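Written below as structure tokens is the structure these notes are about.
Just so it is clear, the structure is predicted and the values come from calculations on it, not from any experiment.
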Amino acid sequence: MFTDTTLPSRAAVDTAYDTIGGRISLARDAVGLTVEQISAIAGVTTETWNNWENDRAEPRANRLDMLARILQVSITWLLNGQGKGPAEAK
């Protein structure tokens with residue numbers, strides 16, 4: 001007998017295996033802010049924000065809570081793709 005199993009959305013699967021930079025970029029797009037806007041809100045330079053999104057650097061631990069609040073996602077989602085991400089925030 002065929003059983004209908006619900007698969008996670010493509011976004012949920014992709015973000016679970018994405019990098020922290022990719023998740024930061026995805027979440028920024030989801031809240032509709034430019035790099036210039038969000039870096040000003042976060043109090044970092046656009047260079048720092050771009051480095052985070054492009055995996056050239058990672059935010060320090062003391063920045064993760066702030067980033068999660070600004071991006072409307074959980075810290076766990078930022079770190080490993082599990083938990084409340086941008087799709088769940090809507």
Side-chain angles (χ1 to χ4, degrees):
M1 173 180 271
F2 177 77
T3 305
D4 182 28
T5 58
T6 305
L7 297 174
S9 69
R10 179 181 162 96
V13 171
D14 288 348
T15 59
Y17 297 101
D18 200 356
T19 64
I20 188 170
R23 286 188 293 276
I24 290 171
S25 178
L26 181 69
R28 178 184 55 78
D29 287 342
V31 294
L33 295 172
T34 65
V35 170
E36 291 77 15
Q37 292 168 322
I38 203 155
S39 62
I41 292 167
V44 298
T45 65
T46 55
E47 179 181 7
T48 294
W49 193 276
N50 280 322
N51 285 339
W52 291 344
E53 285 195 8
N54 293 303
D55 294 310
R56 290 189 294 263
E58 290 185 359
R60 293 182 183 163
N62 63 344
R63 293 269 185 191
L64 289 175
D65 182 56
M66 176 201 57
L67 291 179
R69 283 184 281 120
I70 293 169
L71 296 170
Q72 302 171 15
V73 298
S74 70
I75 294 172
T76 306
W77 185 84
L78 280 176
L79 292 172
N80 62 27
Q82 297 178 343
K84 181 182 156 216
E88 293 85 3
K90 292 184 179 181

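- Residues satisfying the side chain to side chain contact (heavy atoms under 4.5 Å, CB included) criterion with Leu79, sequence neighbours excluded, are Ile20, Leu64, Ile75.
- Here the CD atom belonging to Gln72 is positioned 7.0 Å from the NZ atom belonging to Lys84, to the nearest 0.5 angstrom.
- Annotation for Ser74 and Ala68: closest pair C-CB, 4.1 Å, computed over non-hydrogen atoms.
- The two residues Arg28 and Leu33 have their closest heavy-atom pair at NH1-O, 2.9 Å.
- Thr46 is linked by a side-chain hydrogen bond (donor to acceptor under 3.5 Å, both in side chains) to nothing, counting only residues two or more places apart in sequence or in another chain.
- Partners of Thr45 according to the side-chain hydrogen bond (donor to acceptor under 3.5 Å, both in side chains) rule, which considers only residues two or more places apart in sequence or in another chain, are Thr48.
- Pairs of residues two or more places apart, or lying in two chains, that qualify as salt bridge (charged side-chain N to carboxylate O under 4.0 Å, His left out) and include a residue from residues 62-75 are Asp65-Arg69.
- Residue pairs meeting the salt bridge (charged side-chain N to carboxylate O under 4.0 Å, His left out) criterion with at least one partner in residues 71-82, sequence neighbours excluded, do not occur; the list is empty.
- For the atom pair CG of Asn80 and CZ of Arg23, the computed distance is 6.5 Å after rounding to the nearest 0.5 Å.
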- request: Start with the C-alpha gap between Ile38 and Leu71, add the side-chain angles, then the distance that decides, and say whether side chain to side chain contact (heavy atoms under 4.5 Å, CB included) holds.
  value: CA-CA 9 Å; Ile38 203 155; Leu71 296 170; 3.3 Å; yes
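- Arg56 places a side-chain heavy atom less than 4.5 Å from the side chain of Asn50.
- Listed by chain and residue number, nothing satisfies the salt bridge (charged side-chain N to carboxylate O under 4.0 Å, His left out) test with Asp29 (two or more places apart in sequence, or in another chain).
- Between Ala27 and Trp77 the shortest heavy-atom distance is CB-CZ3, 4.0 Å.
- Arg60 meets the salt bridge (charged side-chain N to carboxylate O under 4.0 Å, His left out) test with no other residue; sequence neighbours excluded.
- Under the rule for a side-chain hydrogen bond (donor to acceptor under 3.5 Å, both in side chains), Asn54 has no partner lying at least two apart in sequence or in another chain.
- Within the structure, ring pair (Phe, Tyr, Trp, His ring centres under 6.0 Å) pairs that include any residue of residues 38-73 comprise Trp49-Trp52 (at least two apart or interchain).
- In terms of the side-chain hydrogen bond (donor to acceptor under 3.5 Å, both in side chains) criterion, Glu47 has no residue partners (sequence neighbours excluded).
- Side-chain N or O atoms of Asp55 include one that pairs as donor or acceptor with a backbone N or O of Gly21 at under 3.5 Å.
- Taking CG from Leu67 and CD1 from Ile24, the interatomic distance works out to 6.0 Å, rounded to the nearest 0.5 Å.
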